[in-house]
Amino acid sequence: MRLSQSLIPTLKETPADAQIASHRLMLRAGLVRQMASGIYAWLPAGLRVLNKISAIVREEQAAAGAQELLMPTIQSADLWRESGRYEAYGKEMLRITDRHERDLLYGPTNEEMITAIMRESVKSYRELPQNLYHIQWKFRDEVRPRFGVLRGREFLMKDGYGFDLDYAGALLTYKKMMLAYMRTFQRIGITAIPMRADTGQIGGDLSHEFHILAPTGESGVFYDAAFEAGDPSAAASVEGFYEQMTTIYAATDEKHDLAVWEKIPAERKREGRGIEVGQIFYFGKKYSESMNFTVTGQDGTKIFPEMGSYGIGVSRLAGAIIEARHDEAGIIWPDAIAPFRAAILNLRQGDAATDKICGDLHEKLGADCLYDDREERAGAKFAEADLMGHPWQIIVGPRGAANGQVELKRRVTGERFELSVADALAKVLS
RNA sequence: CGGGGCGUGGCGCAGCCUGGUAGCGCGCUUGUUUUGGGUACAAGAGGCCCCCGGUUCGAAUCCGGGCGCCCCGACCA
């Protein structure tokens, strides 16, 4: 993509409204624009991040056996009256009335709807277990939206729902999802730690929150360094991995248990701040019973399926990753979810040699690179590339271009390499 | 929901107290200049001063009401 023809409106100065790093940087790097309190437009570069996160989520969900569907954002109030949550949910739910005075709502979550869908179509024990998810916009009318996309009112979430015949099956689904989530976060390029959590509004009695470590996190987190050794991509079994994840100590400040903490050797104690980017729940028959979803069992009796729900805050992750990975100059995107894998900086636009090299690189790197072909000074291009946080910068100046050399800069380490065009290309693509 | 603050060209702000020609920096346009870390100079464009009402000869400024946004706290994917 050519920067000269892209809507990537970077800002030199920080908008007064933005207080925390990710919000500031998302605005400055041209990823988002605020449209109302807690409501954001995702500009082209920001949308690329959401799409890359979503793609990884989809792959890992598919690998764990979950199916994707897409449910609407607007739901009927009647559905929520069945479960009793229409009244219970309170003011956080955005309630809407249509022209016929029917009560609707903008979905804050989808337990009722997925249960209604399953109830209509699934009748036999033979059809379970099933696990369904979608990636859809949610709305929760927060009293006080803040921190940019970290606590927006409208947000993009992957929410999945598991249906099993019995507790053992539901627990296995829960464990599979924990592994899938840990793999997802690992591929995204961040450290996430699962912690025992309260079940809140969703209900139920088994739940974990996934926190990523960032100095500006909302909650304090305490964990055993043994977590750092856990590698979800190398997990031998679902059960074994779950066992490992749930026996190592980790807690947010609310649930911190000093007695247990004191027993952990000092050199293994880790304290920090965390941002919650996902949560998983087992809640049994809460919705299948309240909404009367049954399947016929082998012996002809009715079975209320055991359910769980599994959420990842996709839009929140985008902000959380920036909180975890930035410096004074800007964002430091992990390779997997950077809006562009590489930027090509043409330091002298209009110079035959640099134009030629940049054009070739642009063609070979394709859509996942951003070609800074603007009539700007070198300094401006460097500053903006650092701000936008591309993992690689291919710097093409007249000095090196004469000998077919370019400079490759790795954003995360600041390392620079003088390389031939071909070698630079190979390194970026490796 | 309690407490505090702010709305003035795209962005950051001054002006308001003490009413009288709407200003600065950045950005934008054009030209010259510069050419490896946000260059310099010159000339331009761009404003219902959040909205409605009131006071006044005259309101960005004073008064009343509304709306929007932010921050702290309580609450939350």
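We name chains A, B, ... by the order of the sequence lines, and we start the count at 1 in each one. Quick caveat: nothing in here was measured; it's all calculated off a predicted structure.
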Let's test this: given Watson-Crick or G-U wobble pairing with both distances under 3.5 Å, identify the partner of [N].
N     : result
B/A40 : B/U32
B/G68 : B/C6
B/C57 : B/G20
B/G73 : B/C1

When you measure from the side chain of [X], which nucleotide among [options] comes out closest?
X      : options             : value
A/P15  : B/G38, B/C69, B/G12 : B/G12
A/R348 : B/U35, B/A74, B/A77 : B/U35
A/R316 : B/C72, B/A77, B/G38 : B/A77
A/E276 : B/A77, B/A74, B/G36 : B/A77
A/A16  : B/G37, B/G38, B/G12 : B/G12
A/Q279 : B/G38, B/A77, B/C72 : B/A77
A/D17  : B/A77, B/C70, B/G37 : B/C70

Counting the atoms with a prime plus P, OP1 and OP2 as sugar-phosphate, which does [X] contact under 4.0 Å by heavy atoms, base, sugar-phosphate, or nothing?
X      : value
A/K91  : sugar-phosphate
A/A383 : base
A/G350 : nothing

Write down the protein N/O and nucleotide N/O pairs, taken from nucleotides 25-27 of chain B, whose separation is under 3.5 Å; answer none if there are no such pairs.
residue: B/G25; atom: N2; partner: A/E13; partner atom: OE1; Å: 2.7
residue: B/G25; atom: N2; partner: A/E13; partner atom: OE2; Å: 3.4
residue: B/G27; atom: OP1; partner: A/K12; partner atom: NZ; Å: 3.2

Cation-pi check for [Y] against [X]: NZ or CZ below 6.0 Å from the six-membered ring centre and within 45 degrees of the axis, yes or no?
X      : Y      : result
A/R81  : A/Y86  : yes
A/K175 : A/F241 : no
A/R410 : A/W392 : yes

(request) Using only side-chain N and O atoms of A/K381, determine if any of them is under 4.0 Å from OP1 or OP2 of B/G38. (result) no
Nearest-Å distance, [atom1] ([X]) to [atom2] ([N])?
X      : N     : atom1 : atom2 : answer
A/H23  : B/C70 : NE2   : C1'   : 10 Å
A/L347 : B/U35 : CG    : C1'   : 9 Å
A/R144 : B/C70 : CZ    : C1'   : 8 Å
A/Y181 : B/A77 : OH    : P     : 14 Å

[atom1]-based separation of [M] from [N] [nearest Å]:
N     : M     : atom1 : value
B/C24 : B/G47 : P     : 16 Å
B/A22 : B/C49 : P     : 11 Å
B/G9  : B/G46 : P     : 15 Å
B/C62 : B/G20 : P     : 11 Å
B/U8  : B/A60 : C1'   : 7 Å
B/U56 : B/G19 : C1'   : 9 Å
B/G66 : B/G27 : P     : 41 Å
B/C11 : B/C28 : P     : 15 Å

Presence of salt bridge, [Y] and [X], under 4.0 angstrom:
X      : Y      : result
A/D17  : A/R146 : no
A/E415 : A/K409 : no
A/K52  : A/D368 : yes
A/E92  : A/R153 : no
A/D355 : A/R348 : no
A/K138 : A/E154 : no
A/E228 : A/R270 : yes
A/E218 : A/R273 : no
A/K381 : A/D372 : yes

(request) Go through residues 27-43 of chain A and report each residue with a non-hydrogen atom lying under 4.0 Å from RNA chain B, sorted by number. (result) A/R28, A/Q34, A/A36, A/S37
(message) Short of 4.0 Å, heavy atom to strand atom, which residues of residues 402-422 of chain A count as contacting RNA chain B?
(response) A/E407, A/K409, A/R416
Between the protein and nucleotides 32-34 of chain B, which nitrogen or oxygen pairs are less than 3.5 angstrom apart?
residue: B/U34; atom: O2; partner: A/R377; partner atom: NE; Å: 3.3

(request) Could you please spell out the steps behind the side-chain contact (heavy atoms from CB on, under 4.5 Å) verdict for A/M35 and A/Y40? (result) CA-CA 5 Å; A/M35 296 293 108; A/Y40 291 83; over 6 Å; no
(request) Compare every heavy atom of A/I74 with every heavy atom of A/Y106, then report the nearest pair and how far apart it is. (result) CD1-CD1, 4.0 Å
(message) Using modelled atom types and a 3.5 Å cut-off, is there a donor and acceptor pairing between side-chain atoms of A/D360 and backbone atoms of A/E363?
(response) no
(request) Check the angle between the aromatic planes of A/W261 and A/Y249 and answer parallel, tilted or perpendicular using the 30° and 60° thresholds. (result) tilted
(message) For A/Y242 and A/Y174, take the angle between the two ring planes, folded into 0 to 90°, and tell me which bin it lands in: parallel under 30, tilted 30 to 60, perpendicular over 60.
(response) perpendicular
(request) Select from A/Q393 and A/F155 the residue whose nearest nucleotide in RNA chain B is closer to the 5' end of that strand. (result) A/Q393
(request) For A/S315 and for A/Q19, locate the closest nucleotide of RNA chain B by heavy-atom distance; then report the residue assigned to the nucleotide nearer the 5' terminus. (result) A/Q19
(message) Nearest 0.5 angstrom please: A/I212 CD1 to A/F210 CZ, how far?
(response) 13.0 Å
(message) I need a per-nucleotide contact map over nucleotides 3-8 of chain B, read 5' to 3'. Cutoff is protein heavy atoms under 4.0 Å; write B for the base, S for backbone only, - otherwise.
(response) ------
(request) Scan residues 358-391 of chain A for pairs that pass ring-ring contact (aromatic ring centres under 6.0 Å, His included), counting only residues two or more places apart or in two chains. (result) A/H362-A/Y371
